[in-house]
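As structure tokens, the structure follows; a few thoughts come after it.
Just so you know, these numbers use all the heavy atoms, side chains as well, and skip hydrogens, waters and symmetry mates. Quick note: residue numbers are just sequence positions, from 1.
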Amino acid sequence: MPPGKVLQPVLKMKVDELFLYWLSEASTQRMLQDCLRRIKAPGRDQPTPGDGEQPGAWPTAPLAAPRPSGLEPPGTPGPGPALPLGAASSPRNAPHVRGTRRSAGTRVVQTRKEEPLPPATSQSIPTFYFPRGRPQDSVNVDAVISKIESTFARFPHERATMDDMGLVAKACGCPLYWKGPLFYGAGGERTGSVSVHKFVAMWRKILQNCHDDAAKFVHLLMSPGCNYLVQEDFVPFLQVIQRIFYAVNRSWSGRITCAELRRSSFLQNVALLEEEADINQLTEFFSYEHFYVIYCKFWELDTDHDLLIDADDLARHNDHALSTKMIDRIFSGAVTRGRKVQKEGKISYADFVWFLISEEDKKTPTSIEYWFRCMDLDGDGALSMFELEYFYEEQCRRLDSMAIEALPFQDCLCQMLDLVKPRTEGKITLQDLKRCKLANVFFDTFFNIEKYLDHEQKEQISLLRDGDSGGPELSDWEKYAAEEYDILVAEETAGEPWEDGFEAELSPVEQKLSALRSPLAQRPFFEAPSPLGAVDLYEYACGDEDLEPL
């Protein structure tokens, strides 16, 4: 049959019938069994020349029934085991002389088969992926449980309230301010207290399945069936939700995983809360001064106080420093989750937190990603020369209105390319900007007129000196928050009682902030929500409309 030709159904049935007939022969079955035995135990039960068989030859099978006389051509050797139709001849079926001539080569093949096989690859590679942390043999679960039970024995009826959870947290070996997650993880919010049996059952399960702090923290707060944290899981910590997600959720997914939690410094900062007397010293997540500044800025822009900001409100930030094209991009959904912003044209307090931190500190990875998403009009992961010119056109018009001569785009482009030094000619990627130490200068050049003029008044050498200064230094955001907080405190002090005994009338903004400041400044982290908890923060709805990670 010519090669490549497909058998017709009738012929295929006949070939299958002949193959099954050959497979049912006793000699064929013995041959297959011998092959299997050689594969399973190479080097064993090998025939030798002294046994009357040629080395490497298959066992001798009974001769098939002789053909009728006259049909067998002269000189044809006796028939061997029946072969399937079309099978090629082999040394086993050849005359004895040919089998003897090939015996040496066959012996070499058999010797190679006797070599031991290398161990399987899966047995030589140690386990390296531990999604719930690397197990530790030093943890004595029974000793930890015994210590917890001794702590619960001090409480009435062996039930712990939220006030008692500080001692329980220390018995578990956790920081003091894990008491809230421990209390809620054991179901304490439903009854107001936690029994020793329920808490021990929960903590024993965590110790057996979670082997580091990140995995334990996620397990305590996550919803059933999830292995990540969303904003709703941080309900007891409303003051710092956005700061946590801004710094920890590097994938922009709206979900904090164990891996992201391990790579961040969040749990270390939670542990420092117990040691640090002044919460304002922990500026990365929990500073009350930072919260105070953000809320004041939001309240000033939210003129109708509906806790939502539209494009006109945001344009007034920093005396209209941002270009209208960039404001449109912010409200387009490039850096916000869900479709609420696109439908109503407003952003919430949660979105404003991300905006303000990114606007005042454009050197952090999250802020660089924030503004890169806004400038990447076509979403191809690179800034083209067209996109840069699109934003720079408005900067030129604004400079002309201020009677300031604008630099031609070609000259500006040369400066920015020298500043960023992209690896691919003709486009700037996110990694290019993250490697650049002056990403803030790049962004301000294209959409922030006030900061662009400030940079123009400084020499590039001084900018590089500021970026290369070694040692711990305040970030741009920390500097901004400290300056604004001092201004707000000074304004509030100006409204204190006069010497004649009468108090100055406070504005609605000052009244709101004055009511918030006192309880929040003294309030410990990880407890019941403050009055801010009544604020309807914009919730991230993780669905099809979510932003995909870069």
Any side-chain heavy atom of [X] within less than 4.5 Å of one from [Y]?
| X | Y | answer |
| --- | --- | --- |
| I347 | L308 | no |
| Y349 | Y295 | yes |
| D444 | H455 | yes |
| I449 | L322 | no |
| Y392 | L407 | yes |
| F443 | L433 | yes |
| D486 | E483 | no |
| M202 | L220 | yes |

So does [Y] get a backbone contact from the side chain of [X], meaning a donor-acceptor N/O pair under 3.5 Å?
| X | Y | answer |
| --- | --- | --- |
| R243 | F286 | no |
| E405 | L399 | no |
| D302 | L307 | yes |
| Q457 | D454 | no |
| K325 | Y390 | yes |
| N318 | A321 | no |
| H320 | A315 | yes |
| S265 | Q268 | no |
| N249 | R255 | yes |
| D310 | L314 | no |

Item to check | R373 to W252, cation-pi by 6.0 Å centre distance and 45° axis angle | outcome: yes

Next on the checklist: Please check if the number of heavy atoms outside R435 that lie under 6.0 Å from its CZ is greater than 12.
Outcome noted: yes

Checklist entry - Above 12 or not: heavy atoms from other molecules or residues under 6.0 Å from NZ of K427? => result no

Under a 3.5 Å threshold, yes or no: a donor from one side chain and an acceptor from the other, between [X] and [Y]?
| X | Y | value |
| --- | --- | --- |
| N209 | H219 | no |
| E359 | N448 | yes |
| T366 | R250 | yes |
| S475 | Y480 | no |
| D432 | T429 | yes |

Checklist entry - What class does the angle between the rings of F199 and W203 fall in, given that below 30° is parallel, 30 to 60° is tilted and above 60° is perpendicular? => result parallel

Nearest 0.5 angstrom please: [X] [atom1] to [Y] [atom2], how far?
| X | Y | atom1 | atom2 | answer |
| --- | --- | --- | --- | --- |
| E369 | T364 | CD | OG1 | 8.5 Å |
| F298 | S348 | CZ | OG | 7.0 Å |
| L182 | M162 | CG | CE | 9.5 Å |
| L388 | F391 | CG | CZ | 9.0 Å |
| Y370 | D361 | OH | CG | 14.0 Å |
| L413 | E389 | CG | CD | 9.0 Å |

Item to check | Working for side chain to side chain contact (heavy atoms under 4.5 Å, CB included), residues F352 and K297 | outcome: CA-CA 9 Å; F352 182 77; K297 292 296 180 182; 3.9 Å; yes

Checklist entry - Given the rule in the side-chain hydrogen bond (donor to acceptor under 3.5 Å, both in side chains) test, do Q395 and S323 qualify, once you have shown the distances and angles that lead to the verdict? => result CA-CA 7 Å; Q395 293 288 79; S323 66; 5.2 Å; no

Checklist entry - What heavy-atom pair brings E387 and D376 nearest, and what distance separates the two atoms? => result OE2-OD1, 3.5 Å

Item to check | Ring center gap for F285 and H290 short of 6.0 angstrom | outcome: no

Is any side-chain N of the basic residue among [X] and [Y] closer than 4.0 Å to the acidic one's carboxylate O?
| X | Y | value |
| --- | --- | --- |
| E360 | K451 | yes |
| D476 | K362 | no |
| E300 | R316 | no |

Checklist entry - Please walk me through it: do L356 and W477 pass side chain to side chain contact (heavy atoms under 4.5 Å, CB included)? => result CA-CA 9 Å; L356 187 61; W477 163 250; 4.0 Å; yes

Next on the checklist: Run S358 and Y246 through side-chain hydrogen bond (donor to acceptor under 3.5 Å, both in side chains) and show every step you take.
Outcome noted: CA-CA 9 Å; S358 299; Y246 186 89; 2.9 Å; yes

Next on the checklist: F447 vs W371, test: ring pair (Phe, Tyr, Trp, His ring centres under 6.0 Å). Steps then yes/no.
Outcome noted: CA-CA 10 Å; F447 56 79; W371 296 117; 4.8 Å; yes

